[in-house]
Amino acid sequence: MSAPVQDPWLESEPELNARLLRPMLRFYEKRWGRPALEAFAARQGTTLEVLEDQDRWFSSERFKAFNRAMVVETGDSEIIYKAGRAFVEPGIIGVEGYLIRALLTPRAVYEQAAVITARYSRVTDWKFDVQSENRATVTFRPTSRDKDDYHFCRNRIGTLEAVPLAFGLPQAHVEHPECLHQGGEKCVYILHWTNLSRWVRPVLGLAVLSLVVGGGAVISGASFGLPLAFAGGLLGAIATIGAFSATRRIAVQSAEIGDGRVEHLQTLLEENKRRVEQLLLLQSVNEAVGRHLEEDPLIDAVLDTLARASTWERAMIMMVDPDAGILAGTRARGFDAAGTERLARLRISLNPDGDDARLFGHIVRDGAPVLIQDVEEYARKLKPENAALLRDLGSTSLVAVPVEAQGEKLALVVVDRVGASVALDTKDRDQLRSVAAALGKALSNARLFGRVRRELAKNQKFTHFLPPPVVAEIQGNPEAALQLGGKRASMAVMFCDIAGFTPLTASCAPEEVVRGLNAWFAIADPAIEACGGIVDKRMGDGILVVFLDEEQDGRTGRHPVERAAAAAVAMSQSLDAAGAAIAQVAPAFANMKVRWAVHHGEVIAGNLGSHSRMEYTVIGDAVNTAARLEEITPADCAWFTGEAVRSVPGGLTSAVFEKETTLRGREGSTEVWSIPLDAAATATGTWRAADLATSATAAVLTSMELPPLNDEL
């Protein structure tokens with residue numbers, strides 16, 4: 001059978017030899033049969049011919065996918081561990097199991113494992129440190145974390161436990177104090193096992209060899225074959241008796257291992273206690289960050305939580321300043337006043353030179369947590385000023401973990417112990433790593449909220465458009481401010497612009513046009529603001545202004561159409577009063593005439609555009625109607641639609657009917673009304689808001705320091 005053309009196993013990187021896969025295949029075949037194994041291989045996109053070819057090499061990703069698929073197929077999360085335990089079973093280990101039993105010891109097998117794995121793996125490093133005949137420490141480290149996973153780890157434990165079973169001994173007791181997949185830098189396994197008596201192994205080995213050689217001689221008809229075979233049998237019997245005589249000693253060693261299991265259980269209980277403490281601390285940190293949307297209170301809350309709810313004596317958070325390339329703005333808990341002040345002034349480069357790289361900057365730069373269990377030893381490698389800082393702080397051990405979110409380096413969180421306290425360990429490092437992950441997400445959200453709030457500050461019309469409850473809702477969920485969409489709202493819409501602007505500016509220098517427009521806006525904006533209007537946008541010389549209904553903006557003033565009329569009167573009077581001042585900076589604009597058009601109706605107010613560029617604005621028929629009315633409004637006139645006039649309870653005072661007309665793009669006729677803009681109209685007291693607007697505008701014009709026309713902009 002030939003392999004599939006697009007076989008992913010054949011196309012993978014050569015990292016692990018197929019021989020390492022054989023025990024898994026035999027285990028599956030023994031449990032579910034050869035046809036099931038062939039079907040399983042097919043579901044992995046390959047064939048048994050490929051998987052059983054011991055000259056082939058596959059990637060670690062293929063091995064990991066194989067393990068995950070077996071877990072899914074069997075529904076047993078521990079199936080990979082069980083396969084490791086079963087590698088010495090008949091039908092899986094093969095005839096070499098008998099040779100192992102006759103010629104080797106568990107210690108020799110463990111020692112040879114490093115050689116075997118080095119031969120069949122190009123991405124892992126095993127180190128076997130044998131302390132005695134029944135104790136060893138195994139250290140496993142892949143070339144990178146992505147070359148290994150939790151299932152590999154469990155398989156290793158099962159295999160290490162099973163080695164003594166090949167000798168008829170109790171399984172090995174395996175402790176796992178550090179795990180690559182639980183925050184460690186490597187996997188460490190501590191092994192304890194029992195042994196056969198020293199004289200049993202050579203006698204048993206000699207017996208096996210005698211039986212093999214003697215049996216062959218008998219078959220071939222040699223005269224010495226039968227005696228030699230008989231001697232082998234006798235030696236085997238002696239070895240068997242010796243093995244039984246070792247039973248008591250093995251039982252004693254097994255009892256010792258039983259005691260080790262009790263110790264192991266105590267270790268597990270202690271680890272479980274630490275995990276509960278870790279979860280409680282993490283819960284406290286999450287509760288603290290959940291109460292704050294702003295960065296400074298957030299950091300203070302986390303520090304307070306670490307000081308109150310953790311076993312760490314002191315803690316500090318150092319902020320990353322990416323523009324300056326430094327760590328700065330350090331805040332701390334547990335230090336004395338002098339230490340806290342010194343840390344607050346500290347500036348540490350994120351790209352240090354020489355020995356300085358071993359302080360804190362490289363931890364942020366490399367993005368990896370660091371556990372320092374002997375600060376004094378660490379300080380000897382630093383520059384004198386850095387060593388002095390650590391000694392002055394009095395730390396004896398510390399953990400430093402970078403704080404990141406979405407690939408951005410945000411801060412560094414550090415905890416330590418002082419004096420004769422027990423040194424921090426890998427569990428503290430893993431616990432602080434969880435805290436740093438929660439802090440990273442919270443800081444990222446706080447900065448997003450800050451950016452949204454700054455955008456809102458730049459664009460005040462956003463908060464004016466929305467009722468207070470909606471503004472409060474956005475403050476609680478700032479991401480909502482950046483979503484496309486809108487809501488219906490009823491309001492007065494006013495368009496105003498300079499009549500004849502194009503011919504007016506045809507003969508002006510660009511500088512004079514800019515000055516004239518600035519003078520016009522300096523008059524219009526205060527009047528609009530004083531009358532409760534919102535400048536939605538500027539379009540050249542034109543301004544789109546909206547006046548919200550009282551229930552929309554929470555004001556207690558006049559109807560929005562009345563306020564629009566007041567703003568038009570205020571602008572007209574201010575233009576007359578400011579003519580001389582405008583003539584000094586933009587002579588062509590000294591006698592400019594403006595027209596105002598107002599309509600009242602329902603619009604959609606919200607974010608328009610795209611996610612990369614959006615603007616909060618208003619759209620709808622009311623906006624279009626006001627724009628079309630402005631097109632036909634004469635200079636120095638304020639025209640209102642009939643809908644606008646009738647929207648005011650009791651009607652708009654001083655409004656005069658002008659005519660009915662058909663606006664461009666609108667079906668049916670539209671009533672057109674006007675209001676007087678002269679001083680006599682305001683003397684009646686109808687336009688009290690206009691008086692305020694006029695005073696405000698006059699004050700602005702008085703304070704304006706406009707440069708002479710011939711100065712550069």
Side-chain angles (χ1 to χ4, degrees), residues 16-17 19-20 23 60 81 84-85 87-88 100-101 103-145 147-150 152-167 169-196 198 201 250 253-254 256-268 270-271 370-374 377-378 397 422-427 429-430:
L16 300 172
N17 188 267
R19 288 180 175 84
L20 298 176
S60 58
Y81 162 78
R85 281 289 308 272
F87 95 98
V88 296
I100 288 175
R101 232 172 283 167
L103 303 176
L104 300 175
T105 64
R107 170 177 174 166
V109 174
Y110 286 130
E111 288 176 330
Q112 288 299 312
V115 177
I116 295 171
T117 54
R119 186 180 304 161
Y120 297 139
S121 174
R122 297 169 180 169
V123 293
T124 58
D125 176 48
W126 288 75
K127 180 181 178 182
F128 281 78
D129 181 18
V130 180
Q131 288 93 21
S132 66
E133 286 297 319
N134 64 347
R135 179 183 171 89
T137 299
V138 181
T139 303
F140 171 86
R141 192 191 305 267
T143 55
S144 62
R145 287 180 180 270
K147 303 301 181 185
D148 198 77
D149 68 2
Y150 175 76
F152 278 144
C153 179
R154 294 293 294 157
N155 184 260
R156 288 192 292 271
I157 292 175
T159 302
L160 292 171
E161 287 178 348
V163 167
L165 298 177
F167 301 88
L169 298 169
Q171 72 174 47
H173 172 59
V174 179
E175 299 176 28
H176 192 20
E178 182 176 358
C179 182
L180 186 70
H181 311 292
Q182 294 184 359
E185 298 297 327
K186 55 188 177 298
C187 279
V188 177
Y189 310 95
I190 300 175
L191 316 180
H192 307 266
W193 67 89
T194 57
N195 288 305
L196 290 171
R198 294 180 180 275
R201 181 177 59 84
I250 292 174
Q253 292 181 345
S254 298
E256 293 175 352
I257 290 180
D259 294 338
R261 290 186 180 278
V262 173
E263 295 176 0
H264 181 56
L265 179 59
Q266 293 174 340
T267 301
L268 290 177
E270 183 63 27
E271 289 179 355
V370 171
L371 166 64
I372 301 173
Q373 295 183 302
D374 188 343
E377 176 64 25
Y378 176 77
S397 64
V422 177
L424 298 173
D425 56 23
T426 56
K427 297 181 179 66
R429 180 196 59 201
D430 298 340

Novice: Roughly how far, to the nearest 0.5 Å, is the CD1 atom of I157 from the CG atom of L191?
Specialist: 10.5 Å
Novice: Suppose we screen for side chain to side chain donor-acceptor pair (under 3.5 Å). Which residues come up paired with E377, at least two apart in sequence or across chains?
Specialist: R380
Novice: Roughly how far apart are S60 OG and F152 CZ, rounded to 0.5 Å?
Specialist: 6.5 Å
Novice: Can you tell if the side chain of V138 reaches within under 4.5 Å of the side chain of Y110, non-hydrogen atoms only?
Specialist: no
Novice: Of R156, E161, E175, E178, which is the lone residue that meets side-chain contact (heavy atoms from CB on, under 4.5 Å) with Y189?
Specialist: R156
Novice: Under 4.5 Å between any side-chain heavy atoms of Q182 and H176, yes or no?
Specialist: no
Novice: Would you compute the distance between atom CG of L16 and atom OH of Y120 and round it to the nearest 0.5 angstrom?
Specialist: 13.0 Å
Novice: So which heavy atom on A136 is nearest to which on V130, and how close?
Specialist: CB-CA, 3.9 Å
Novice: Quick one: OH on Y81 to OG1 on T159, what's the gap to the nearest 0.5 Å?
Specialist: 10.0 Å
Novice: Less than 4.5 Å apart, side chain to side chain, heavy atoms only: is that true for T194 and P164?
Specialist: no
Novice: What's the separation between atom CZ in R85 and atom CG in L165, rounded to the nearest 0.5 Å?
Specialist: 6.0 Å
Novice: Answer yes or no: is there a side-chain heavy-atom contact under 4.5 Å between D148 and H181?
Specialist: yes
Novice: Looking at side-chain heavy atoms only, is the closest gap between D425 and Q373 below 4.5 Å?
Specialist: yes
Novice: Can you give me the closest heavy-atom contact between C153 and C179, atom names plus distance?
Specialist: SG-SG, 4.0 Å
Novice: Counting C-beta onward and ignoring hydrogens, is there a side-chain heavy-atom pair between L169 and W193 closer than 4.5 Å?
Specialist: no
Novice: Considering residues at least two apart in sequence or located in another chain, which fulfil the salt bridge (Lys or Arg N to Asp or Glu O under 4.0 Å) criterion with R19?
Specialist: none
Novice: If you measure from CG on D129 to CZ on R135, what distance do you get to the nearest 0.5 Å?
Specialist: 9.5 Å
Novice: Output all residues satisfying salt bridge (Lys or Arg N to Asp or Glu O under 4.0 Å) with K127, sequence neighbours left out; order by chain, then residue number.
Specialist: none
Novice: Would you confirm whether R145, through its side chain, and L180, through its main-chain N or O, come within 3.5 Å as a donor-acceptor pair?
Specialist: yes
